[in-house]
Amino acid sequence: MKAVICSGGAWPEGVRKKIQNIMGSRVYDIFGLDGLTGPGVAGECAFQKGMHIQEDYFLPEIVDPDTMRVLPGGLRGQLVFTTLQKQGFPLIRYRTMGMTKLHYEICECGRTLARMDRITYGIDDVLLIRGNHVPISRIEEALSGILDREICYIICVRKERGLDVAMVCIVDAGRSKVASEADKADMKQRVAGAVSAILGLKVEVIIGADNNFGKFREIFGPAFHEAYQEALLGKKVAIVDERKIS
């Protein structure tokens with residue numbers, strides 16, 4: 001098998017690389033919507049740097065989901081399509097309800113078609129922290145690149161002295177290859193560095209049920225306990241946002 005084409009939900013780049021290394025096959029993203037034409041609206045080339053959109057059939061735009069104002073290339077927003085050759089059922093700025101970015105520079109493969117990043121859906125896919133919209137998939141990708149497998153984790157956000165603060169709980173680290181306290185400390189440091197670089201603020205990290213685990217439960221209460229149980233069952237990421245807990 002030389003190539004695998006995958007469609008559906010977003011996945012971390014680190015996971016794709018692991019699959020390619022294990023299978024010895026190239027793995028490509030493809031994007032489609034039933035309201036447009038099904039699969040084939042966009043797909044990756046051999047360089048795997050975004051999905052080329054079939055612009056002879058679809059005009060893509062990125063808009064602010066609240067104001068519908070068109071955003072310039074390179075900014076993240078909601079993806080909309082206008083059909084160019086669809087007859088009988090044409091669509092104008094059809095809202096995919098998905099969040100992504102468009103890139104218009106010429107690809108290394110030579111194609112000039114616009115490219116789209118992997119798409120995420122719903123407000124739960126984006127974390128609003130200190131005025132920045134951070135895709136959860138970016139955090140997931142950063143963390144999956146640190147360990148030798150996919151991990152389960154909980155991102156906890158709360159207000160402290162009027163500012164957003166974040167904490168990360170690595171739930172399944174007990175099944176990783178961490179063998180000593182020194183290794184755990186090193187992993188905490190790497191996780192904190194990766195997440196801090198994305199969120200733009202310092203974060204606290206705990207591993208499983210270490211000494212600070214009770215602190216998380218005390219701060220976030222039943223919401224954290226529920227998220228922790230889901231993570232034990234294999235849920236890759238959970239957000240516990242004290243700002244939304246009444």
Checking [X] side chain against [Y] main chain: does a donor-acceptor pair fall under 3.5 Å?
X      : Y      : result
Asn21  : Lys17  : yes
Thr100 : Asp117 : yes
Thr83  : Phe58  : no
Ser25  : Ala3   : no

So, for Ala114 and Glu55, which heavy atoms are closest and what is the spacing to 0.1 Å? N-OE1, 2.7 Å

Return the set of residues passing side-chain hydrogen bond (donor to acceptor under 3.5 Å, both in side chains) with [X] (not counting sequence neighbours), or none when no residue passes.
X      : answer
Glu44  : Arg16
Arg130 : none
Gln85  : none
Arg93  : Glu61

Quick one: does Phe81's side chain get under 4.5 Å of Val41's, heavy atoms only? yes

Who clusters with Ile92? Use side-chain heavy atoms, under 4.5 angstrom, across I, L, V, M, F, W and Y, and order the result by chain and number. none

Taking the hydrophobic residues Ile, Leu, Val, Met, Phe, Trp and Tyr, and joining any pair whose side-chain heavy atoms are under 4.5 Å apart, which ones share a cluster with Leu59? Leu84

Listing request: all salt bridge (Lys or Arg N to Asp or Glu O under 4.0 Å) pairs with a residue in residues 94-106, at least two apart in sequence or in separate chains. Glu105-Arg115

Using side chain to side chain contact (heavy atoms under 4.5 Å, CB included) as the criterion, list what pairs up with Arg158, not counting sequence neighbours. Glu160, Val165, Met167, Ile219, Phe220, Glu242

With sequence neighbours left out, what residues match Ile106 under side chain to side chain contact (heavy atoms under 4.5 Å, CB included)? Thr112

Quick one: list whatever passes salt bridge (Lys or Arg N to Asp or Glu O under 4.0 Å) with [X], sequence neighbours left out.
X      : result
Asp164 : Lys159, Arg243
Lys49  : Glu108
Asp64  : none

